[in-house]
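Comments concern the structure below.
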Amino acid sequence: MDLQGFLLRARVLKLYRQSLRAARKAPHDSRAELKQVIRQEMESNRDCKDRQKIRFLISEGTERLKGLTEMLGMQGHC
């Protein structure tokens, strides 16, 4: 694995960890399902070798995480 591949892998793992941390803030009854969805999304793209697609998936995942974080933040303030 070259440096670019290593850096992309690190970004993917960071996004995965951030997503799982955000899932901890979900209501208890939906937490397990949310974690399962996050894992399925990651697993479905595990064998992707196209770096452009990986970058796209990272940016898409980051936007989805941002939306999830905002939604969970609103729930906590009700």
Side-chain angles (χ1 to χ4, degrees):
M1 180 184 311
D2 63 347
L3 180 61
Q4 287 292 339
F6 179 79
L7 293 174
L8 278 176
R9 184 177 187 275
R11 288 177 60 198
V12 169
L13 291 174
K14 179 180 178 183
L15 177 62
Y16 182 59
R17 285 191 301 270
Q18 289 174 328
S19 299
L20 290 177
R21 282 188 200 109
R24 286 188 216 150
K25 298 175 184 169
H28 185 64
D29 56 334
S30 60
R31 195 173 300 156
E33 182 180 353
L34 182 55
K35 286 182 178 182
Q36 182 180 6
V37 169
I38 292 167
R39 183 177 176 97
Q40 284 175 338
E41 287 288 325
M42 291 296 200
E43 286 289 333
S44 70
N45 294 298
R46 180 182 205 130
D47 296 323
C48 182
K49 303 290 184 216
D50 182 359
R51 291 185 180 179
Q52 187 171 357
K53 182 177 179 183
I54 293 169
R55 286 186 194 97
F56 170 77
L57 290 169
I58 290 170
S59 65
E60 182 180 291
T62 302
E63 289 301 314
R64 290 174 69 181
L65 175 60
K66 195 180 301 181
L68 175 65
T69 304
E70 289 173 6
M71 181 184 72
L72 292 173
M74 284 185 217
Q75 282 183 342
H77 296 294
C78 292

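Numbering of residues begins at 1 and proceeds along the displayed sequence. Quick note: numbers below take in every heavy atom, side chains included, and nothing from hydrogens, waters or symmetry partners.
Taking each heavy atom of Ala23 and Arg31 in turn, the nearest pair found is O-CG, 3.3 Å. Summarising the geometry of Ala26 relative to Leu34, their closest heavy-atom pair is CB-CD2, 3.9 Å, with the distance given to 0.1 Å. Leu72 and Pro27 get closest at one heavy-atom pair: CD2-CD, 4.3 Å. The two residues Lys53 and Cys48 make their nearest non-hydrogen contact at CD-SG, 3.7 Å. Taking every heavy atom of both residues into account, Leu65 and Ala22 meet most closely at CD1-CB, 3.7 Å.
Counting non-hydrogen atoms of other residues, nucleotides and ligands closer than 6.0 Å to CD of Gln40 gives a total above 12. Heavy-atom neighbours of Glu60 CD from other residues, nucleotides or ligands within 6.0 Å: above the threshold of 12.
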Passes side-chain contact (heavy atoms from CB on, under 4.5 Å), Ile54 versus Arg11? Steps please. CA-CA 10 Å; Ile54 293 169; Arg11 288 177 60 198; over 6 Å; no
Verdict with supporting geometry, Met71 and Leu68, side-chain contact (heavy atoms from CB on, under 4.5 Å): CA-CA 5 Å; Met71 181 184 72; Leu68 175 65; 3.8 Å; yes
Would you check, one step at a time, whether the test side-chain contact (heavy atoms from CB on, under 4.5 Å) holds for Leu57 with Val12? CA-CA 9 Å; Leu57 290 169; Val12 169; over 6 Å; no
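Between atom OH of residue Tyr16 and atom CD of residue Glu41 there is a gap of 12.0 Å, rounded to the nearest 0.5 Å. Atom-to-atom distance recorded for Arg21:CZ and Thr69:OG1 is 11.5 Å, nearest 0.5 angstrom. How far CZ of Arg17 is from CG of Leu15: 10.0 Å, rounded to the nearest 0.5 Å. Note that the CE atom of Met42 and the CZ atom of Arg39 stand 11.0 Å from one another [nearest 0.5 Å]. Summarising the geometry, atom CG belonging to Asp50 is positioned 11.0 Å from atom CG belonging to Asn45; distances are rounded to the nearest 0.5 Å.
Here the side chains of Arg24 and Leu20 are not in contact, with every heavy-atom distance at 4.5 Å or above.
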